[in-house]
Amino acid sequence: MNDTQTPCRIPTSFRRGAFIAAALLMVLLAAATLASAQQTPALDVTGYNIDATLNPANHMLTATATVTFKPLQALPVVEFQLHGALKVDSLTDASGTALNGQRGPNETILVTPASPLTVDQSYTWTFHYSGALEGSGGPVPGLKLAYVGDPITYLLYAGAWFPMTGYQTDRFTADITVHVPAGYTVVGSGATSAPAESEQVRPLHKRKGATTAPSASGTEYSFKWDKPGFPGTIIAGKFTETSPAPNIRLFTTAANKQYAHDYAESALRIWAFFTSTFGLPESTRINVVELPDDTVPAYWAPEVAAIAGNRIPGKTAFRLLSNTIAHQWWGSEISPATLNDEWITNGMSRYGELLYLQDSAGESALQTALLDVEAGALAYDTIPLTSADTLNPFTPQFQSMTLEKGALVFHMLRWEVGQESFINLLRATLSQYTDKSITTRDFENVAEAQSQQQLTPFFSQWLGGTGSPDFTNKYAVYRLGNNKGFRTIGEIQQNLELFNMPVQLRIETDGKTENRRIHVVGTDSQYVVDTFGRPRHIIIDPDNWILKDSPDMAVRVDILRGQQLVAQGDLNGALKEFQKALQVNPQSSLANYRIAEVFFTQCNMQAAVNSYRDALNGDDDPGWTEVWSHVQIAKIFDLTGQRDRAIQEYRQAIQTNDNTSGALNEARHYIQTPFKGQCSD
């Protein structure tokens, strides 16, 4: 990390705990925004045959797309989405009759049929279109999802680079041929033919301000995905390939070549873990491919896991990769029927990431991650998951619901039904709904059949309701006669009248520690526990199986909301959220650190130093706030011409021996070279 000659800003590496959620939020918003436009499907697209030519030097895409579809209702005008930078040059039906297609709102193409269409009858139309894909325009405001150029061309399905409808709900087959200049590798979904040398790359269409480039020899790639799914993503670049196994291929640019071996090995381990957990996917192949940093941090398609280049290095890089690969099962193999069902695939991909984290890094890593996920789940818990379609999907609330709370529903279900039944119901869901969409009710039916449990209270509470319990425990300990030990009679109290599920109790005694499973129903539930040793401490839900509220969690929630407001540019709103956290816990090092970040971003150096000092004098939770507070204070001393004091702070940072997010690397670097960030007016 090197902030030299850059404006004062909040480095993304500081946002520990929010990293994965922030990365995935962009991907989910892309999906949700497109899907929300078509909650009542008008068309069922069954297949595409696409022939596309890419000219990176001039950012040009020239393509022909033959679309086979069935109307699901009477349609005087048929609507497709198509990237706004692309112009339809001609459009014909199966008989060759020209059709009238015009641009509509929200990057759509409105087509008037030559004659009225019959519901459920199959039609085939052919689009010839072209355009320069080089800006940030596209169907999702603020996201660049389709680009032709160097070093990497990416045509993401969400970028609507071909006429589409029913994003991630209308499954289709695709036969895609891509022509690229020599030296480029193309990655897509499905069976591929060996790259063939084309006679020429097709001539570029003239556009205003550009000249037609001469034809050049090139390469042709063909991809065929013959199962209903979402294969419409193409990525091309001058890649280096790394293959740790015949079915695992990693494509990176020269910039990330040094990380390729370790990252490919991570992909292999993740793939093996998910295969052993979920069963065999639709395809046994996976292509992990680098994306540039100016688009979404991650994206998936059948057989494709695309990761931004700046997300590849680092010790925790495997988390985003594992979440993206999990979509081969949860998103590709099965897909949500509506936005109300998105929690199934988004939530299980997130929970798949947590399962792999637990397997690879241990229980303590899982517990740390769960606290962040719980905060995300509670940040906007005002609408049931089964009513997600009432929200504007382009909001943090939709993300928190489907991603974070969705993951915790699976986590709690695992506790409710047990590990074996949980894995069985996941596998059964994938098996029964392969290449199909799934509803929440479908999933509930599978879960009950596999667990042999009546789960209506569970799903009603966590899918159909809001809120979380805030547990308190009252108990008395009695000595039993004849050296038989001790009896604890207690009562678990919580605030949800309809709460009904088992809760773990951990009884720490003079001897061994014991765990008991207590069924809690309603606001007051009594329990009786006999132990040989005298109980010294009783903890409710010590392993965080249940989404629950507490003062500590309230602090995390306020901080998370503040971080999301920072990401949206609302620094004043963020400060209010961080200050709310301090009202609950005035010693919160994390809340003080986040406040200091905002002041540092605003170049309010004295206020920033004060808050970093408060973080150092706080509860030291999380521990990394110590090392980073020293680093940031040192940077401020550098900026204010106090080099000796800066070096002293850098040395204090190094003495912590905590290299979280490269803190020690930064401290060592700036001991040698003063920090020279700039503050804007």
Side-chain angles (χ1 to χ4, degrees), residues 168 171 173 189-191 225-231 244-249 264-288 298 300-305 318-337 341-360 366 406-407 409-453 455:
Q168 284 192 349
R171 304 177 74 92
T173 63
S189 304
W225 186 261
D226 57 7
K227 292 167 282 193
F230 309 107
N247 63 321
I248 309 287
R249 299 195 299 170
E265 291 293 330
S266 291
L268 177 59
R269 290 190 294 269
I270 292 166
W271 188 261
F273 173 78
F274 285 151
T275 299
S276 65
T277 303
F278 303 142
L280 289 173
E282 292 178 292
S283 170
T284 58
R285 298 188 299 269
I286 184 69
N287 299 306
V288 181
W300 64 268
E303 299 184 342
V304 176
F318 69 87
R319 288 191 58 183
L320 183 58
L321 178 61
S322 62
N323 186 292
T324 309
I325 289 178
H327 279 288
Q328 295 302 306
W329 288 264
W330 306 96
S332 183
E333 186 168 344
I334 65 171
S335 55
D341 312 304
E342 288 242 5
W343 72 270
I344 300 173
T345 51
N346 290 343
M348 193 55 224
S349 294
R350 177 69 146 151
Y351 194 55
E353 169 201 328
L354 297 180
L355 289 174
Y356 181 71
L357 178 67
Q358 181 182 28
D359 182 76
S360 61
L366 172 67
V409 169
F410 283 103
H411 184 62
M412 292 185 288
L413 183 60
R414 180 183 171 192
W415 163 251
E416 177 94 22
V417 304
Q419 176 71 9
E420 183 177 355
S421 289
F422 179 69
I423 297 301
N424 288 341
L425 71 86
L426 294 181
R427 289 185 170 218
T429 301
L430 292 164
S431 175
Q432 293 179 33
Y433 289 91
T434 296
D435 295 330
K436 298 177 183 177
S437 59
I438 185 171
T439 67
T440 295
R441 186 58 193 160
D442 293 332
F443 179 78
E444 292 175 5
N445 290 337
V446 174
E448 289 188 335
Q450 291 298 316
S451 67
Q452 293 297 296
Q453 290 182 223
L455 296 173

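For clarity, every value in this text was computed on a predicted model and none was experimentally measured.
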For [Y], does its backbone N or O pair with a side-chain atom of [X] as donor and acceptor, under 3.5 Å?
X	Y	result
Glu353	Ser322	no
Ser189	Pro302	yes
Glu333	Trp330	no
Lys227	Asp435	no
Ser332	Trp329	no

| Going through the checks in order, is the side-chain contact (heavy atoms from CB on, under 4.5 Å) test met by Ile438 and Asp341? | CA-CA 7 Å; Ile438 185 171; Asp341 312 304; 5.8 Å; no

Non-hydrogen atoms of [X] and [Y] that approach each other most closely:
X	Y	result
Val304	Gln328	O-NE2, 3.2 Å
Arg350	Ala407	CG-CB, 3.6 Å
Pro228	Thr173	N-CG2, 4.0 Å
Phe230	Ser335	CE1-CB, 3.6 Å
Val446	Ala428	CG1-CB, 3.8 Å
Ser451	Leu455	OG-CD1, 3.8 Å

For the [atom1] atom of [X] and the [atom2] atom of [Y], what is their distance to the nearest 0.5 Å?
X	Y	atom1	atom2	answer
Ile325	Phe274	CD1	CZ	7.5 Å
Glu342	Thr440	CD	OG1	10.5 Å
His411	Gln358	NE2	CD	8.0 Å
Arg171	Trp225	CZ	CH2	9.0 Å
Met348	His327	CE	NE2	11.0 Å
Arg427	Leu280	CZ	CG	8.5 Å

Taking the side chain as everything from C-beta on, heavy atoms only, tell me whether [X] gets closer than 4.5 Å to [Y].
X	Y	value
Thr284	Thr275	no
Trp271	Asn247	yes
Ile344	Phe410	yes

| Is it true that the side chains of Asn323 and Arg319 contain a donor and an acceptor less than 3.5 Å apart? |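 On atom types as modelled, these side chains do not qualify, holding no pair under 3.5 Å.
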
| query | Between the side chains of Arg269 and Ser360, does any donor sit under 3.5 Å from an acceptor? | reply |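 The criterion, which ignores hydrogens and geometry beyond distance, is not satisfied for Ser360 and Arg269.
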
| message | Can you tell me which residue among Phe443, Trp343, Tyr351 is in a side-chain contact (heavy atoms from CB on, under 4.5 Å) with Val409? | response |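 That would be Trp343.
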
| said: Consider side-chain contact (heavy atoms from CB on, under 4.5 Å). Of Leu426, Leu425, Leu355, which one does Arg414 pass it with? | reply: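 Option passing the side-chain contact (heavy atoms from CB on, under 4.5 Å) with Arg414: Leu355.
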
| request: Taking atom CD of Glu420 as the centre, report whether more than 12 heavy atoms of other residues, nucleotides or ligands fall under 6.0 Å from it. | output: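 Incorrect, the count does not exceed 12.
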
| message | Please determine whether side-chain contact (heavy atoms from CB on, under 4.5 Å) holds for the pair Thr324 and Val288, giving the CA-CA distance in whole Å, both sets of side-chain angles, and the decisive distance to 0.1 Å. | response | CA-CA 10 Å; Thr324 309; Val288 181; over 6 Å; no

